[in-house]
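Computed from a predicted model, the values in this text were never measured in an experiment.
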Amino acid sequence: QVQLVESGGGLVQAGGSLRISCAASGNIFRVNDMGWYRQAPGKQRELVAAITSGGSTNYADSVKGRFTISRDNAKNTVYLQMNNLKLEDTAVYYCNADVQTSRIGILRPWGQGTQVTVSS
């Protein structure tokens with residue numbers, strides 16, 4: 001019905017930067033809120049950043065000032081620019097979106113995740 005595909009993950013040195021993206025496709029009427037979550041080994045999945053359809057954003061305290069979430073509504077894509085990466089940023093990053101498939105129908109699919117590894 002609706003799929004989210006993340007890309008851009010990889011290995012980066014501490015202090016470096018990386019941009020990951022998530023593209024939604026399928027039976028899309030409109031995409032509402034979108035967000036990035038991450039899960040490190042042994043830890044609970046946490047919200048990293050979120051953005052509304054109108055462009056309002058919020059961030060986890062741990063990434064404020066370093067990460068920037070943005071979106072391209074024409075491409076149904078959300079981005080996460082990660083700067084000054086730290087070792088503790090290492091995790092699998094998952095994309096989530098609130099997607100309207102019709103005037104009434106709503107789905108909240110998850111992407112498969114993209115690994116971000118920060119090395120010292």
Side-chain angles (χ1 to χ4, degrees):
Q1 187 84 161
V2 177
Q3 301 81 41
L4 302 180
V5 179
E6 301 100 335
S7 62
L11 192 153
V12 63
Q13 289 183 292
S17 298
L18 201 65
R19 189 179 78 155
I20 55 178
S21 62
C22 171
S25 62
N27 187 26
I28 299 172
F29 178 70
R30 69 172 292 168
V31 180
N32 299 317
D33 297 353
M34 304 183 81
W36 286 99
Y37 295 73
R38 68 185 180 188
Q39 188 165 21
K43 294 186 177 181
Q44 190 172 355
R45 185 176 300 181
E46 64 174 346
L47 176 67
V48 177
I51 185 167
T52 69
S53 60
S56 297
T57 60
N58 68 280
Y59 299 89
D61 288 341
S62 60
V63 306
K64 286 182 179 178
R66 300 188 298 118
F67 290 10
T68 302
I69 188 171
S70 62
R71 64 191 292 166
D72 185 337
N73 291 330
K75 297 180 179 179
N76 292 321
T77 299
V78 63
Y79 305 92
L80 186 67
Q81 177 67 46
M82 301 179 285
N83 296 328
N84 192 24
L85 283 160
K86 302 177 179 180
L87 294 178
E88 53 264 41
D89 294 320
T90 295
V92 177
Y93 285 71
Y94 297 92
C95 176
N96 180 248
D98 185 302
V99 181
Q100 289 187 242
T101 58
S102 68
R103 185 178 66 85
I104 299 175
I106 297 176
L107 293 175
R108 189 174 287 276
W110 289 89
Q112 294 299 305
T114 185
Q115 176 71 47
V116 173
T117 302
V118 183
S119 63
S120 61

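- Take Gln13 and apply the side-chain hydrogen bond (donor to acceptor under 3.5 Å, both in side chains) test, not counting sequence neighbours, and it matches no residue.
- A continuous path of Ile, Leu, Val, Met, Phe, Trp and Tyr side chains, each step under 4.5 Å between heavy atoms, connects Met82 with Ile51, placing both in one hydrophobic cluster.
- Met34 CE to Asn73 CG: the interatomic distance, rounded to the nearest 0.5 Å, is 8.5 Å.
- At a threshold of 4.5 Å between non-hydrogen side-chain atoms, the residues Trp36 and Cys22 count as touching.
- Considering every non-hydrogen atom in both Val31 and Ile28, the closest pair reads CG2-CG2, 3.8 Å.
- In terms of heavy-atom proximity, Gln1 sits nearest to Leu107 at CG-CD1, 3.3 Å.
- Under the ring-ring contact (aromatic ring centres under 6.0 Å, His included) criterion, Phe67 pairs with no residue at all, not counting sequence neighbours.
- For Asp33, the salt bridge (Lys or Arg N to Asp or Glu O under 4.0 Å) criterion is met by no residue, not counting sequence neighbours.
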Review item, side-chain donor-acceptor pairs of residues 2-12, under 3.5 Å, at least two apart:
{"residue": "Glu6", "atom": "OE1", "partner": "Gln112", "partner atom": "N", "Å": "3.0"}
{"residue": "Glu6", "atom": "OE1", "partner": "Gly113", "partner atom": "N", "Å": "2.9"}
{"residue": "Glu6", "atom": "OE2", "partner": "Cys95", "partner atom": "N", "Å": "2.9"}
{"residue": "Glu6", "atom": "OE2", "partner": "Gly113", "partner atom": "N", "Å": "3.2"}
{"residue": "Ser7", "atom": "OG", "partner": "Ser21", "partner atom": "OG", "Å": "2.9"}

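- Evaluation of the side-chain hydrogen bond (donor to acceptor under 3.5 Å, both in side chains) rule for Ser62 yields Arg38 as partners, not counting sequence neighbours.
- In terms of heavy-atom proximity, Thr101 sits nearest to Phe29 at C-CB, 3.7 Å.
- Note that CD1 of Ile69 and OG of Ser56 are 11.5 Å apart. Values are rounded to the nearest 0.5 Å.
- Contacts of Arg19 classified as salt bridge (Lys or Arg N to Asp or Glu O under 4.0 Å), with partners at least two apart in sequence or in another chain: none.
- Rounding to the nearest 0.5 Å places OH of Tyr79 at 5.0 Å from CG of Asp72.
- Take Gln39 and apply the side-chain hydrogen bond (donor to acceptor under 3.5 Å, both in side chains) test, not counting sequence neighbours, and it matches no residue.
- Val78 and Val48 fall within the same hydrophobic cluster, where Ile, Leu, Val, Met, Phe, Trp and Tyr residues are linked whenever their side-chain heavy atoms come under 4.5 Å apart, directly or through other members.
- Here the straight-line distance linking atom OG1 of Thr117 with atom CG of Leu87 works out to 10.5 Å at 0.5 Å rounding.
- In terms of the side-chain contact (heavy atoms from CB on, under 4.5 Å) criterion, residue partners of Arg108 (sequence neighbours excluded) are, by chain and number, Asn96, Asp98.
- Among residues two or more places apart in sequence or in another chain, the salt bridge (Lys or Arg N to Asp or Glu O under 4.0 Å) test is passed with Lys43 by none.
- Residues that satisfy the side-chain hydrogen bond (donor to acceptor under 3.5 Å, both in side chains) test with Ser17, not counting sequence neighbours, are Asn83.
- Atom-to-atom distance recorded for Thr57:OG1 and Lys64:NZ is 9.5 Å, nearest 0.5 angstrom.
- The shortest non-hydrogen separation linking Val92 to Gln115 is CG2-OE1, 3.2 Å.
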Margin query: Could you go through Gln100 and Asn32, starting from their C-alpha distance and side-chain angles, then the distance that decides it, and tell me whether this counts as side chain to side chain contact (heavy atoms under 4.5 Å, CB included)?
Written below: CA-CA 7 Å; Gln100 289 187 242; Asn32 299 317; 3.3 Å; yes

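- Other members of a hydrophobic cluster containing Ile106 are absent, since no ILVMFWY side chain comes under 4.5 Å of it, directly or through relayed contacts.
- The side-chain heavy atoms of Thr68 and Tyr59, taken from C-beta on, include a pair separated by under 4.5 Å.
- Looking at residues two or more places apart in sequence or on another chain, you find no salt bridge (Lys or Arg N to Asp or Glu O under 4.0 Å) involving Arg30.
- Interatomic distance, Leu47 CG to Tyr37 OH, rounded to the nearest 0.5 Å: 5.0 Å.
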